[in-house]
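To start, the structure under review is shown below, and the notes come after it.
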Amino acid sequence: MQDYLKELNERQREAVLHIKGPLMIVAGAGSGKTKVLTTRIAHLMNSGVDAFNILALTFTNKAAKEMKERIEKILGNSEARNLYVGTFHSVFARILRAEAHHLGYPNNFTIYDTDDAKSVVKTVVNEMNLDDKTYKPSTVYNRISSAKNALVGPVEYANDYALQQEDLRGNRPAIAQIYDAYVKRCFKNGAMDFDDLLLKFYELLKGFPESLSKYQRKFKYILIDEYQDTNPAQYEIIKLLGAMNENVCVVGDDAQSIYSFRGATIQNILQFQKDYEDAHVVMLEQNYRSSKSILNVANEVIKNNKGQIPKSLWTDNKDGEKIRLVRTMTDNDEGKYVADSIQEQKLRNHYNNRDFAILYRTNAQSRAFEEALRRMNIAYTIFGGQSFYTRKEIKDFVAYLRIIINSKDEEALKRIINFPARGIGKTTVDKAVLAANTHNISMWEVLERAREFGFKAGTLEAIDNFVVMIKSFASMLQNKNAYEVAVHVGKQTNIVKELFNDKSTEGVARYENIQELLNSIKEWVDTQQNLSQIDEDGTMIETSDNEAVSTGEITLGAYLQQITLLTDADDKDPNADTVKLMTIHAAKGLEFGCVFAAGLEEMLFPNGMAVNTREELEEERRLFYVVITRAKQRLWITYANTRYRFGSLVQNEPSRFIDELPEEYLDRSYAGAAAFKNQGFGARGNTNAFDRMNGGGWGAGGGGRQSAADAEKRYGAPPSKKPAIPSYVTPKPQSKPVEHVPSADFVASDTTNLQEGQKVEHQKFGFGIVTKMEGSAHNPVATVKFDVNGEKKIMLNYAKLRIIQ
DNA sequence: CTGGTTCCTTTTTTT
DNA sequence: AAGGAACCAG
């Protein structure tokens with residue numbers, strides 16, 4: 001058991017054995033960072049530190065999970081489950097659930113994901129009578145988010161000269177007021193957004209000394225992974241938590257800081273030694289991952305950045321192959337080339353699917369690769385993009401559960417109040433929200449007391465039915481578990497049945513998704529029951545609310561909390577034998593035998609949004625560094641001449657980063673190298689085997705930096721986007737009715753009890769027979785077969801029918 | 001109020 | 001290309 005130390009190099013061991021006092025581990029790419037962190041925790045526990053006193057914070061659930069598993073493996077017992085290992089967000093959310101009452105929040109507060117948050121922004125923007133074109137929810141939300149991450153509140157925001165100037169220049173002077181309204185609205189809704197989980201936790205520690213000291217005493221040892229990606233809020237929290245014992249260990253690599261868009265500041269890691277005067281620093285510079293070629297290329301690239309912690313990463317590994325630089329004509333060709341290469345490598349070098357990763361700058365790039373891989377029958381997994389729990393049908397269903405747990409959650413309420421349709425439309429919702437605002441009560445309360453607010457009788461009935469239904473769900477939770485309640489909700493609302501009856505491809509997928517959701521709730525309920533027997537750590541963190549709360553409620557509340565913090569990557573198996581597709585951001589911390597770094601084009605990578613300042617550009621370069629250092633044996637760097645963006649073809653120049661690659665490690669003999677011919681790139685012009693073989697193929701375009709018009713000359717005009725309608729296509733039948741002059745005595749009849757087979761007269765369509773009655777009670781629809789105008793669907797609430805017999 | 005159509009915006013990265 | 005908002009007819 002002690003030989004875990006033997007597996008470490010000298011530096012790594014130094015980091016593990018340094019137990020007391022602040023420690024910074026500068027861990028270069030592939031230098032065994034995770035190994036050091038996990039071994040260090042295991043060693044702490046072996047040296048008598050109680051697992052309950054150790055806090056380890058990561059940025060992804062995946063990293064947390066892996067860490068826990070590896071510690072368990074080293075220790076060979078189940079003590080590791082007592083550790084506090086998790087993401088900043090999930091750990092703080094858990095603590096806040098116990099402490100929320102200090103901040104005036106309910107313990108069952110909802111966590112708003114980005115969609116919910118933007119929706120709140122939109123609501124307040126509209127309520128303030130501001131134009132939502134100028135104040136786009138995403139723009140405003142981003143400003144608010146940055147402010148929160150920098151611990152700048154609405155008041156500070158309004159008083160900050162620089163921020164005000166920025167907003168003024170952007171013609172958005174009201175952001176400070178929107179920020180203020182947004183914060184108030186979230187509070188009113190009993191909801192915290194992602195940034196609040198950090199901000200509110202900070203406020204808790206800052207404003208409640210007894211809470212601060214409670215957690216200082218609990219977390220005697222603190223470890224932070226990816227310290228280079230922490231933002232000021234996280235930084236202050238760590239400082240506060242660690243102030244008593246100063247057993248703060250941070251691990252990071254300034255060269256891999258890629259989250260400044262989320263408020264991360266590289267200053268945190270650069271200044272660690274100033275923050276803690278007696279800080280011990282360990283540099284891990286031996287890379288165990290990559291070949292010499294790959295590592296050398298990475299080192300060359302990162303040299304172009306200023307302001308790094310000086311270090312030199314080296315490796316004992318073999319030289320390995322040169323890096324293959326490949327240009328293709330189009331994004332689809334890029335996909336095809338990559339899929340072909342994977343196939344070839346599998347045959348030639350006996351790789352498995354799991355040895356390959358295709359990494360790109362933006363999620364939108366995945367499509368071409370997906371198609372190519374599917375065509376070649378190569379199994380793949382896409383990581384990233386939309387999380388399962390942010391799909392519309394899932395969010396709609398979950399909104400029912402949310403409103404059961406937290407009736408103040410207006411966003412959830414608005415989602416479901418008329419889903420499925422129950423005759424409570426926009427007008428009614430607006431009215432309810434307005435009433436809630438003027439009386440300063442929740443929208444739910446307005447619905448509960450609906451008759452005080454002058455709704456029309458029909459609407460009132462619909463509201464009452466809705467309220468009764470939701471209340472029945474809530475009371476059911478008192479003696480049924482969360483899964484049983486969820487199943488009941490699905491049945492009672494007809495959601496499950498309606499999706500089941502929808503046999504379209506999307507409908508079937510949605511139905512399956514709902515089933516999957518129900519399964520995940522079941523799974524959660526089952527594991528929670530097991531956990532409560534062990535009584536994990538109820539000693540410290542418990543609900544301090546005195547109200548009787550059923551276990552069903554606790555379980556469901558905890559479930560809702562964790563699903564919003566889950567990302568797409570969390571429910572996919574990283575070890576499956578599939579090719580992995582993901583953004584470079586998502587690939588941080590991972591390694592693969594063969595890596596394809598795709599889309600190395602100006603505007604895309606470096607991204608067009610991130611070339612305006614030196615800081616932004618350097619971050620893009622760090623991203624490039626990250627993608628290079630994911631590769632163990634083989635690396636391809638690919639880019640395309642043209643690609644589709646927003647549905648139209650655009651042309652990009654090769655990325656400026658390509659010029660930074662040292663020529664001696666490059667192999668340009670693969671597809672597309674001929675594209676450089678005659679383009680004045682010097683060493684780049686090699687006619688090659690591939691082109692000769694293919695008689696042109698992907699690479700023979702010839703134009704390095706040609707114009708779109710030029711491309712048209714060579715390849716012919718692109719197919720017209722909207723082809724002219726061939727003359728043989730019969731035009732869509734026009735449903736213009738044959739004129740009908742209503743009878744002189746035409747009076748609309750009461751159609752409440754209209755039956756099939758009855759004869760009716762329609763103002764425009766004339767006489768006909770009712771062939772079918774359908775639709776819901778509040779929106780009945782009759783199908784009428786008219787004498788001259790054929791079959792029509794008539795909505796009885798609006799169309800006027802005269803019953804003849 | 002509802003369902004269908006058309007028009008418009010979007011994609012940088014994520015907890 | 002695709003999803004969402006705005007618009008319109010029944």
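Letters A, B, ... are given to chains in the order of the sequence lines, protein chains preceding strands, and every chain is numbered from 1.
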(request) Indicate whether A/Phe646 forms a stack on B/dT10; treat it as stacked only if centroid distance is below 5.5 angstrom and interplanar angle below 30 degrees. (result)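 It does: the two rings, one from A/Phe646 and one from B/dT10, meet the stacking criterion.
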(message) I'd like to check, for A/Phe261, whether its ring lies over the base of B/dT12 with centroids under 5.5 Å apart and a plane angle smaller than 30°.
(response)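 It does not: the two rings, one from A/Phe261 and one from B/dT12, miss the stacking criterion.
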Under 4.0 Å between any heavy atoms, over every strand shown, what does [X] touch: base, sugar-phosphate, or nothing? Just pick one.
X: A/Tyr259; answer: sugar-phosphate
X: A/Lys62; answer: nothing
X: A/Ser90; answer: nothing
X: A/Thr114; answer: base
X: A/Phe59; answer: sugar-phosphate
X: A/Ala364; answer: base

Out of [options], whichever nucleotide has its closest atom nearest the side chain of [X]:
X: A/Thr583; options: B/dT15, B/dC1, B/dT14; result: B/dT14
X: A/Asn607; options: B/dT12, B/dT14, B/dT15; result: B/dT12
X: A/Phe194; options: B/dT15, B/dC1, B/dT13; result: B/dT15
X: A/Met609; options: C/dA1, B/dT14, B/dT12; result: B/dT12
X: A/Lys122; options: B/dT15, C/dA5, B/dT2; result: C/dA5
X: A/Thr87; options: B/dT12, B/dT10, B/dT15; result: B/dT15
X: A/Glu620; options: B/dT15, B/dC1, B/dT12; result: B/dT12
X: A/Asn418; options: B/dT11, C/dA1, B/dT2; result: B/dT2
X: A/Thr567; options: B/dT12, B/dT14, C/dA1; result: B/dT14

(message) I'd like to know if the side chain of A/Asn513 pairs up with that of A/Glu393 as donor and acceptor (distance under 3.5 Å, no hydrogens or angles considered).
(response)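 Yes - a donor-acceptor pair under 3.5 Å links their side chains.
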Determine: side-chain N/O of [X] to OP1/OP2 of [N], distance under 4.0 Å, yes or no.
X: A/Arg422; N: B/dC1; answer: no
X: A/Asn363; N: B/dT14; answer: yes
X: A/Arg645; N: B/dT12; answer: yes
X: A/Lys136; N: B/dT10; answer: yes

(message) Looking at A/Asp113 and A/Lys395, is any side-chain nitrogen of the basic one under 4.0 Å from a carboxylate oxygen of the acidic one?
(response)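 Yes.
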How close or far is atom [atom2] of [N] from atom [atom1] of [X], stated in whole angstroms?
X: A/Gln365; N: B/dT10; atom1: CD; atom2: P; value: 19 Å
X: A/Asp196; N: B/dT15; atom1: CG; atom2: P; value: 18 Å
X: A/Glu226; N: B/dT15; atom1: CD; atom2: P; value: 12 Å
X: A/Lys456; N: B/dC1; atom1: NZ; atom2: P; value: 7 Å
X: A/Gln561; N: B/dT15; atom1: CD; atom2: P; value: 16 Å
X: A/Glu618; N: B/dT12; atom1: CD; atom2: P; value: 21 Å

(request) Specify whether A/Phe369 and A/Tyr360 have parallel, tilted or perpendicular ring planes, treating 30° as the upper limit for parallel and 60° as the lower limit for perpendicular. (result)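 Ring orientation of A/Phe369 relative to A/Tyr360: parallel.
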(message) Tell me whether the rings of A/Phe109 and A/Tyr105 are parallel (<30°), tilted (30 to 60°) or perpendicular (>60°).
(response)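 Taking A/Tyr105 first and then A/Phe109, their aromatic rings stand perpendicular (interplane angle over 60°).
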(request) Could you walk me through whether A/His89 and A/Phe59 pass ring pair (Phe, Tyr, Trp, His ring centres under 6.0 Å), step by step? (result) CA-CA 8 Å; A/His89 291 85; A/Phe59 273 83; 8.1 Å; no
(message) If you count heavy atoms of other groups shown closer than 6.0 angstrom to NZ of A/Lys65, is the number above 12?
(response)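 No, the 6.0 Å shell around NZ holds no more than 12 heavy atoms from other groups.
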